[in-house]
Amino acid sequence: MNHDASTTLSAAAPTAGKPSLWRRCRRWLLPLLGLAVLGLLLSHAHKVDWAGAWEALQRYPAMLLLGVWAIATASHALYGCFDLIGRRHTRHRVPRWRTWAIAVTSYAFNLNLGSLVGGIAMRARLYARAGLDEATVAQVVGVSLATNWLGYGLLAGGLFAAGIITPPRQANIGADALRALGVLMILLAAAYVLACAFSRGRQWQLRGRRVRLPSAQLAVVQLTLSTANWALMSCAMYLLLGRQVPYATTLSVLLAASIVGVITPIPAGLGVLEAVYLALLSGTVRQGALMGAVLAYRALYYLLPLIGGLVLYLLLERYAASHPLDTEADTPWRAQTP
């Protein structure tokens with residue numbers, strides 16, 4: 001669940017210049033934060049009931065694991081459709097099946113090896129092999145990432161606004177403030193759709209990049225597919241937890257783990273996912289069963305899809321080598337935009 005958090009919708013090549021102070025500091029601060037979190041996790045590793053986790057894993061029925069694997073596969077397949085939205089928005093001519101396969105492959109590598117490898121480098125290489133220029137690739141990736149986080153915001157906002165999530169005492173935020181934050185997040189999602197509806201064809205310059213919003217229809221599709229994907233991810237964990245935790249609570253914990261995974265630069269969120277679930281659900285589910293569920297989720301949602309992603313990657317590379325001109329990507333969207 002270590003999704004890249006960029007929100008660029010469409011971009012041309014950035015203007016040259018010195019990196020900002022934040023970018024220079026981020027190179028050091030984020031790795032240091034990651035090492036601190038990893039050290040904290042390792043220091044508490046001996047307290048985890050690993051024997052209980054192994055017993056919980058052994059007790060899972062094969063049909064349950066197969067069902068969760070099917071849900072995980074459906075989630076990865078749905079995420080692949082995010083790049084199809086970018087294809088529609090940019091009007092590039094790479095075939096739909098190849099666009100979808102590139103997105104699914106990149107997502108599997110992104111989850112396990114980090115956003116720089118999967119979300120950016122892998123996509124850039126595969127789309128370049130398909131004939132797309134860098135600006136168009138940036139646009140497609142931006143739309144995909146925006147799709148993912150728009151759905152995240154809508155779901156999290158709904159949970160906050162409905163009062164389903166009770167903030168812990170140490171959070172220093174009241175229930176009313178959390179509800180207000182949820183309403184604000186929902187309004188932001190609605191504002192995005194309205195902006196797409198009333199700014200059709202308009203372009204802006206944002207930090208040296210050209211931004212063009214999708215149509216309102218595509219914006220609705222973005223929200224629909226993204227919320228469905230997050231719901232599928234939560235459904236997988238809900239089943240692995242034996243339905244001991246309400247679905248809304250399971251979803252809220254998954255959303256929390258996802259955002260922590262984003263800000264902690266550890267590949268695959270290794271240890272982060274486990275730490276968040278232990279912190280938020282340790283009083284609800286027995287620790288052994290909880291760790292067993294998290295480890296099963298990591299295997300079914302992260303590791304098995306990585307094997308499929310590797311196979312897809314090899315097939316895409318082989319196809320690109322044998323069909324170097326089999327892309328209909330010679331006309332970028334800029335030439336077709338009215």
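Atom set for the values below is all heavy atoms of this structure, side chains included, hydrogens, waters and symmetry mates excluded.
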- Query: Tell me, do V276 and L280 make a side-chain contact under 4.5 Å, heavy atoms counted?
  - Reply: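 When only atoms from C-beta onward are counted, L280 and V276 do touch, with a gap below 4.5 Å.
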Can you tell me if [X] uses its side chain to pair, donor with acceptor, with the backbone of [Y] under 3.5 Å?
X: S226; Y: Q222; answer: no
X: T224; Y: V220; answer: yes
X: H89; Y: I85; answer: no
X: N112; Y: L306; answer: no

- Message: Under 6.0 Å from the ring centre and within 45 degrees of the ring axis: does the NZ or CZ of R123 meet both conditions for the six-membered ring of Y127?
- Response: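 Negative - R123 is either too far from the ring of Y127 or too far off its axis.
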- Task: Could you list the residues that satisfy side chain to side chain contact (heavy atoms under 4.5 Å, CB included) with V245, not counting sequence neighbours?
- Result: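 For V245, the residues satisfying side chain to side chain contact (heavy atoms under 4.5 Å, CB included) (neighbours in sequence not counted) are L241, T249, T250, L281, T284, V285.
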- Message: Between Y79 and W230 (judged by ring centroids, cut-off 6.0 Å), do the two rings come close enough to count as a pair?
- Response: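 Here the rings of W230 and Y79 have centres that are no less than 6.0 Å from each other.
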- Answer yes if the side chains of D83 and Y107 hold a donor-acceptor pair under 3.5 Å, and no otherwise.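 No donor-acceptor contact under 3.5 Å links the two side chains.
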- Under 3.5 Å, is there a donor-acceptor pair linking the side chains of N229 and S75?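 There is such a pair (donor and acceptor under 3.5 Å, judged by atom type) between the side chains of N229 and S75.
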- Task: Could you check whether the rings of Y301 and H76 sit parallel, tilted or perpendicular, using 30° and 60° as the cut-offs?
- Result: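 Because their plane-to-plane angle lies in the 30° to 60° range, the rings of Y301 and H76 count as tilted.
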- Task: Test H92 against V137 for side chain to side chain contact (heavy atoms under 4.5 Å, CB included), laying out the working first.
- Result: CA-CA 10 Å; H92 73 69; V137 174; over 6 Å; no
